[in-house]
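This report concerns only the one structure given below.
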Amino acid sequence: MFSAIRPRIASVVAKPAILNAVRPRFFSQAAVARSNIASLHTLTEDEALLKESVARFAQEQVLPKVQKMDETEKLDSDVLKGLFEQGLMGIETDAKYDGSESSFMSAILTIEELAKVDPSISVICDVQNTLVNTLFRKYASEDIKEKYLPRLATDTVGCFCLSEAGSGSDAFALQTRAVKDGDNYILNGTKMWITNSGEAEIFLVFANVAPEKGYKGITCFVVDKSMGVKVNKKESKLGIRASSTCTLNFDDIVVPATNILGEVGKGYKYAIEILNEGRIGIAAQMLGLAQGAFDATLPYLFQRKQFGSLIGSFQGMQHQYAQVAMEIEAARLLTYNAARLKEQGKPFVKEAAMAKLYASQVAEKTASRCIEWAGGIGFTRDYPIEKFYRDCKIGAIYEGTSNIQLQTIAKILEKQYSS
Amino acid sequence: MSNLRILVATKRVVDYAVKIRVNAAGSAVETANVKHSMNPFDEIGTEQAIQIKEALVKAKTGTAEVIVVSCGPAKSQETLRTALAMGADRAIHVESDEELQPLAVAKLLKAIVEKEKPDMVILGKQAIDDDSNQTGQMLAGLLNWPQATFASKVELGDKLMTVTREVDGGVETVKAPLPAILTTDLRLNVPRYASLPNIMKAKKKPLAKFTVADLGVDIKPRLQTLKIAEPPKRQGGKLVESVDDLVDKLKNEAKVL
């Protein structure tokens, strides 16, 4: 039998004539090694150590309290204290202001790891770092920085007050007014949908000092709660319930002119720029949410048997979870790349919008599928899976709705492709 | 004023949460591309040293210098950096790609002890990869120092340590004059996380490197692993009808009577 096969094998193995015509080329190992470009999975040693540390903190200190915080719609004060103690509320802040002096990517990794356990805790950390701290770091005078950054890094929560009842996506239609009065400004107005406002003592309030100038009158004020901010209605929400979302009233609040962040009339610019960055933070939150839901569900597929087989081995299921894993990986790469582009000082607005948009979509699909895969258990409040589904919807809404992200991307493409 | 110098030995091992498998050759546990971290008992040791330092500083009776050491390949430096991020003051890496068995490690640590002259050496009771439970004891023998192993509580007096040990029969308390060896057990403390500010501070802390040749130690393995195999798969249990049936099965099937 083998003698019949052997001559045939010999002819198959013989080198086809065409190869003699082509000079053999080999990929130069040296050329590949010279490029030095690592995969997006590569982290610095510090980033890896931090990721490990936050993951452990989230598992040990946050996880046991997640269900209670969700049911009571209240942030546990020990969890908040833990975030400050671990240095996670002043991640990029300079050490001279008591911050952790770390990179933007470190903040992104922190937000992602926290979201794997509780997206509410993640957004609290995200707003503090990517919106509040960054605004102070970029635009505040030295005096304001010295006064507020250490507090924000060590024990005080801050919040970003832009939206109002009548202005969300149309942010510049805000109505809060600031009237100059000697060395002060008198603030009047109402802000709505403000994350962290239940716990915050420091408020970054966008108000218009000159409505006749339109959006060019919008100015950012640093307001201490002690100046008379009234925190009213706390929203009862579908998801991220441990994160406080309140309405704020300013009735003739007196704010010293020295508390203006940056320059008068530049508030609109600061808001747009900061939201472009903050977007990457939300992308990280949605990414963590998707991964957390996935990690909580997959083990179950390899425990439960139906019809004599593990449900994770049915091809219908295999195709679904393979698809979802691929989409999570794609969201991860979009998010990490946007973060690295920003760190490098390269343009990142389009990529940041893409990351936030896609990650929020992937989070929704993943959470939805996870409930289906876990069946009855997925639908029960006793298990952590259903919470991810409720939490994911906000991803398409805050820090720029999905439609706004699409607009942002389209405008950049239009500029790129039109002559 | 008491100023203590504490040497803490750490080992980089396969992470405790990893589902380990025997490698294709059947010669060892698969370690390639597997998550590694600091041996949990060594984390407890590092934490204990830092707690001793903090207690001395708080009571204003002195301070401690916590030096963490690890013997192993280049990647052991990750373990050292974790310890520095927890709060250790400086690190020593004894670099070697060879297999280091407990006796070799004990000899290397003896060389470091002779250089650094610590008042205490803290080790984990055993590493979770080889479960030898020998290094601390061997080091004590080589140095001719007192040892207190399986510590669940430690109190420091004037040049004296009082240690509560967890032993098979219960709990035993021993006193030992310093310098001495301590090995940690699970209930001694709960190790802290490396907080972000400490991770950043750790970058500036000194890390010294030595080779085995620098220390002049013979690390030749004395033990040879003949075989590694996974434990036999669990068999299902059986229901028995009566006591006689049970005795019969224990005698004839399980062969334990």
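Sequence lines set the chain letters: A, B, ... in the order given, protein chains first and strands last, and positions in each chain run from 1.
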Problem set entry | Atom CD of B:Glu241: over 12 foreign heavy atoms under 6.0 Å | no
Exercise. Take atom CZ in A:Phe314; do more than 12 heavy atoms of anything else shown fall under 6.0 Å from it?
Worked result: yes
Exercise. Which bit of B:Lys203 comes within less than 4.5 Å of chain A, counting heavy atoms only: side chain, backbone, both or neither?
Worked result: side chain
Problem set entry | Part of B:Ala85 lying under 4.5 Å from any heavy atom of chain A | side chain
For this session: Check whether the side chains of A:Gln285 and A:Asp126 place a donor and an acceptor atom closer than 3.5 Å, and report yes or no.
Result: no
Seminar exercise, completed: Interatomic distance, OG1@A:Thr134 vs CD1@A:Ile91, rounded to 0.5 Å, equals 10.0 Å
Exercise. Can you tell which of A:Glu52, A:Glu60, A:Glu101 has the highest number of heavy-atom pairs within less than 4.5 Å of chain B?
Worked result: A:Glu60
